[in-house]
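Atoms considered below: every heavy atom in the structure, side chains included; atoms not considered: hydrogens, waters and symmetry mates. Every value quoted in this text rests on a predicted model; they were computed, and no experiment measured them.
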Amino acid sequence: MRGWLKATIGLAVLSGLLLGADRIAVGVAEDEAADRIVKSGRMSQRPDVSIEGFPFLTQVLSMKLDDVRISSDGLAVGDGSHQVALHSFKARLSGVKVSDSMSSATVDSGTGSGVISYPDLAQLLPPASQLLHGAKLPVGGNSRLSLAYAGPGKVKASLGPIEIGEGTVHNKGNTVTVDGFRLSSLAGLVAGATNQQLEPMSFTLDSLPAGLKLADKEGGSGGVTPLPEGLQLTFDGKDVKLLG
């Protein structure tokens with residue numbers, strides 16, 4: 001009986017030591033991964049990294065992490081000429097294959113999301129002078145649309161005190177298009193234009209986080225969804241190069 005008890009206690013101690021070593025190792029790996037991701041240039045600031053699954057050490061031996069979560073707030077994204085903040089970014093990366101020195105990593109598949117505020121979204125759109133031809137709205141040529149949520153799938157716009165109307169947002173690849181805006185009666189009267197529609201406004205995001213891209217979804221808005229707090233971006237990717 002004493003021998004059995006001693007063996008049980010020894011096994012419990014050993015299990016505790018292995019568990020502690022596993023948790024220490026995963027913590028070190030998460031910190032190292034966060035540093036390498038930001039140094040790679042695929043994210044503008046150091047993210048929080050969480051490596052899921054247990055035990056971690058067996059995943060290391062296979063050189064493949066089953067489930068990696070990345071999050072950050074205020075990441076810089078843009079179209080090459082303008083940079084804006086991406087808030088509440090979260091991503092889930094599945095099947096992350098890493099080299100033994102963690103100098104390179106590829107991802108079987110990944111998904112994620114984040115939000116651009118409407119004032120920041122307006123900064124990615126052309127100024128008012130490029131949207132209307134011949135209209136004389138009482139705003140400066142460098143003025144930009146003010147955008148806000150207008151219900152499911154829609155945003156509303158104004159130029160200064162003049163309400164423009166409602167439009168939609170959709171994407172093809174990483175190119176986002178805002179269109180469908182038609183001058184309201186008041187805006188048309190002030191501008192001296194009748195039933196005039198704004199030109200479609202597009203921008204292409206060239207600095208998306210973690211090597212992901214905007215999702216393309218058939219029969220819907222794709223990877224962009226208007227929400228009360230801003231425009232939600234939905235990301236995905238396969239065979240993504242995360243490091244190296």
Engineer: How far apart are the closest heavy atoms of V68 and V96, and which atoms are they?
Structural biologist: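 Smallest heavy-atom distance, with atoms named: CG2-CG2, 3.8 Å.
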Engineer: Output the distance between atom OG (S207) and atom CG (L86), rounded to the nearest 0.5 Å.
Structural biologist: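 Rounded to the nearest 0.5 Å, the OG-CG separation comes to 9.5 Å.
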Engineer: Below 4.0 angstrom, N of the basic side chain to O of the carboxylate: do K238 and D108 qualify?
Structural biologist: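 No salt bridge links K238 with D108.
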Engineer: Taking all atoms of both residues into account, what is the closest heavy-atom pair of E30 and S50, and its distance?
Structural biologist: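 Residues E30 and S50, closest heavy atoms: OE2-CA, 3.4 Å.
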Engineer: For K90, I'd like to know if atom NZ has over 12 heavy atoms of other residues, nucleotides or ligands within 6.0 Å.
Structural biologist: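 Not buried by this count: 12 neighbours or fewer within 6.0 Å.
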Engineer: Grab the two heavy atoms, one from S40 and one from I37, that are nearest each other, plus how far apart they are.
Structural biologist: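 In terms of heavy atoms, the two residues are closest at OG-O, 2.6 Å.
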Engineer: To the nearest 0.5 Å, tell me how far I116 CD1 sits from L233 CG.
Structural biologist: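 It comes to 4.5 Å.
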Engineer: Side chains of L242 and T106: closer than 4.5 Å at any heavy-atom pair?
Structural biologist: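 Of all side-chain heavy-atom pairs linking T106 with L242, none is under 4.5 Å.
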Engineer: Identify the heavy atoms of G167 and F181 that sit nearest to each other, and give their distance.
Structural biologist: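 Nearest pair, atom of G167 first, then F181: N-CE2, 3.2 Å.
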Engineer: Please check this pair: side chain of D120 against backbone of V84, looking for a donor-acceptor N/O pair closer than 3.5 Å.
Structural biologist: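 Not a single qualifying donor-acceptor pair exists.
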Engineer: Would you kindly say whether T168 and D179 are connected by a side-chain donor-acceptor distance under 3.5 Å?
Structural biologist: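 Result is yes, a qualifying pair exists.
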Engineer: List in chain and number order the residues that pass side-chain hydrogen bond (donor to acceptor under 3.5 Å, both in side chains) with Q45, two or more places apart in sequence or in another chain; answer none if no residue qualifies.
Structural biologist: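 Checked Q45 against side-chain hydrogen bond (donor to acceptor under 3.5 Å, both in side chains); matches are S72.
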Engineer: Nearest 0.5 angstrom please: S113 OG to Q232 CD, how far?
Structural biologist: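 Between S113 OG and Q232 CD, I get 5.0 Å after rounding to 0.5 Å.
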Engineer: Return the CG to NE2 distance between L125 and H82, rounded to the nearest 0.5 Å.
Structural biologist: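 Output value for this atom pair is 10.0 Å.
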Engineer: Less than 4.5 Å apart, any side-chain heavy atom of D236 and any of K213?
Structural biologist: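 In short, these two side chains touch, coming nearer than 4.5 Å.
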Engineer: Can you confirm whether more than 12 heavy atoms, excluding those of K154, are under 6.0 Å from its NZ atom?
Structural biologist: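 For K154, atom NZ is not crowded (no more than 12 foreign heavy atoms under 6.0 Å).
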Engineer: Listed by chain and number, what are the salt bridge (Lys or Arg N to Asp or Glu O under 4.0 Å) partners of D31, not counting sequence neighbours?
Structural biologist: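 Residues passing salt bridge (Lys or Arg N to Asp or Glu O under 4.0 Å) with D31: R46.
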Engineer: So which atom in A157 and which in L147 form the shortest heavy-atom distance, rounded to 0.1 Å?
Structural biologist: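 So the two residues come closest at CB-CD2, 3.7 Å.
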Engineer: Inspect the contact between D66 and K64 and indicate whether a charged nitrogen and a carboxylate oxygen are less than 4.0 angstrom apart.
Structural biologist: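 No salt bridge links K64 with D66.
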Engineer: What distance do F89 atom CZ and L208 atom CG have between them, rounded to the nearest 0.5 Å?
Structural biologist: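 Answer for the CZ-CG pair, F89 versus L208, is 9.0 Å.
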